[in-house]
Amino acid sequence: MSSSTLTSDGAAWLASAGAYPRSTLALWEERPDAPVVLPCGSAFDVVSTPAIFGRRMLDRLWDEGPGSGPVAAFRGRMLLFAAPGTAQRLPSLLEWEEWGSHGRTAAIPPLLCHGTGDAITVPAPAPTGRPTRPGRPTCPDRSAPTAPCASTAPSAPTDPPDSRWLVAPDTRHPWLPGPEILLWAAVRAARSAVRISIFPPPDQGANVYDVSRRR
């Protein structure tokens with residue numbers, strides 16, 4: 001699983017989390033650019049992290065660990081899909097790690113764990129970017145001032161959508177990391193953040209996580 005394109009099987013798995021999966025699939029069939037709110041706790045839990053820290057966790061998972069489950073970006077945060085029960089167990093593991101490791105998790109930012117009773121916004125199967133600049137009116141014949149002017153279509157580049165898949169589910173039974181794996185990735189990401197903190201921050205606009213080359 002390394003594509004950012006949601007397949008029909010992946011969509012069916014996501015829809016199975018809701019009470020009316022057929023309605024969700026019918027909506028996506030009609031409006032593939034529509035995000036949907038789905039409940040957590042049955043098909044998946046979700047761990048929400050700040051975007052930069054989430055990228056570091058993904059680097060650890062893909063470079064040194066078993067890989068990740070589905071991952072989405074949403075309004076400046078990273079959504080890591082995890083095995084059901086992770087939202088209840090992970091906070092306890094983080095507290096235990098903090099108590100037994102003399103502050104080793106101090107560099108881990110607050111992680112928002114969504115489980116039973118919570119819901120999250122799932123990115124659309126086919127999100128569209130926002131134009132970075134409007135089209136400019138052009139006149140085809142300058143010698144004819146009365147000729148109508150047409151507006152050119154917005155051109156690339158486009159801004160990334162607020163909600164998009166980074167690693168989209170592509171099967172009806174995707175592998176999902178549990179709380180222990182996400183704890184390991186968070187601790188490793190925190191260590192890497194401490195090591196690089198002495199250097200100037202990189203250009204955030206150029207720091208785009210690309211998983212298309214993985215697996």
Test log, rule side chain to side chain contact (heavy atoms under 4.5 Å, CB included), inputs Ile181 and Leu61: CA-CA 8 Å; Ile181 292 176; Leu61 286 167; 3.6 Å; yes

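Separation of atoms CG (Leu176) and OG1 (Thr86) is listed at 8.0 Å; rounding is to 0.5 Å. Atom CD1 of Ile108 is separated from atom CZ of Phe53 by 5.0 Å, given to the nearest 0.5 angstrom. From Ser23, atom OG reaches atom CH2 of Trp28 across 12.0 Å, with rounding to the nearest 0.5 Å. Distance CG/Leu14 to CG/Leu6: 6.0 Å, rounded to 0.5 Å. The line from CG of Leu94 to CZ of Arg89 is 10.5 Å long, rounded to the nearest 0.5 Å. Distance CZ/Arg75 to OG/Ser48: 12.0 Å, rounded to 0.5 Å.
Applying the side-chain contact (heavy atoms from CB on, under 4.5 Å) test between Leu182 and each of Asp45, Thr49, Leu80 identifies Leu80 as the sole match.
Not one N or O on the side chain of Arg77 forms a donor-acceptor pair closer than 3.5 Å with the backbone of Ala51. Panel note: side chain Ser4, backbone Leu166; no donor-acceptor pair is recorded below 3.5 Å.
Residues Pro70 and Val167 form no side-chain contact, since every pair of their non-hydrogen atoms from C-beta on lies 4.5 Å or further apart. Taking the side chain as every heavy atom from C-beta outward, Phe74 and Pro123 never approach each other to under 4.5 Å. By the 4.5 Å heavy-atom criterion applied to side chains, Val37 and Ile120 are not counted as neighbours. Side-chain contact between Cys113 and Pro91 is present, with heavy atoms from C-beta onward closer than 4.5 Å.
The heavy-atom pair separating Ala17 from Pro39 by the smallest distance is O-CG, 3.1 Å. Closest heavy-atom contact between Ser16 and Ala43: OG-CB, 4.2 Å. Taking both residues in full, the closest heavy atoms of Ala107 and Ala190 are given as CB-CB, 3.8 Å, listed atom of the first, atom of the second, then distance. Of all heavy-atom pairs between Pro35 and Thr121, the closest is CB-CG2, 3.8 Å. The shortest heavy-atom contact between Arg60 and Ser192 is NH1-OG, 3.8 Å. Of all heavy-atom pairs spanning His114 and Cys40, the tightest one is O-CB, 3.7 Å.
Put simply, Leu112 and Leu90 are part of two different groups of oily side chains (I, L, V, M, F, W, Y) that touch within less than 4.5 Å, one to the next.
A salt bridge links Asp9 with Arg172: at least one charged nitrogen is closer than 4.0 Å to a carboxylate oxygen.
For Arg31, the salt bridge (charged side-chain N to carboxylate O under 4.0 Å, His left out) test picks out no residue, with sequence neighbours left out. In this structure Trp184 satisfies the ring-ring contact (aromatic ring centres under 6.0 Å, His included) test with no other residue, sequence neighbours excluded.
When the shell of 6.0 Å around CD of Glu29 is examined, it contains 12 or fewer heavy atoms from other residues, nucleotides or ligands. Within 6.0 Å of CD in Glu64 there are more than 12 heavy atoms belonging to other residues, nucleotides or ligands.
Side-chain N/O atoms of Trp13 and Thr171 include no donor and acceptor closer than 3.5 Å.
Residues Trp165 and Phe81 bring their aromatic ring centres within 6.0 Å.
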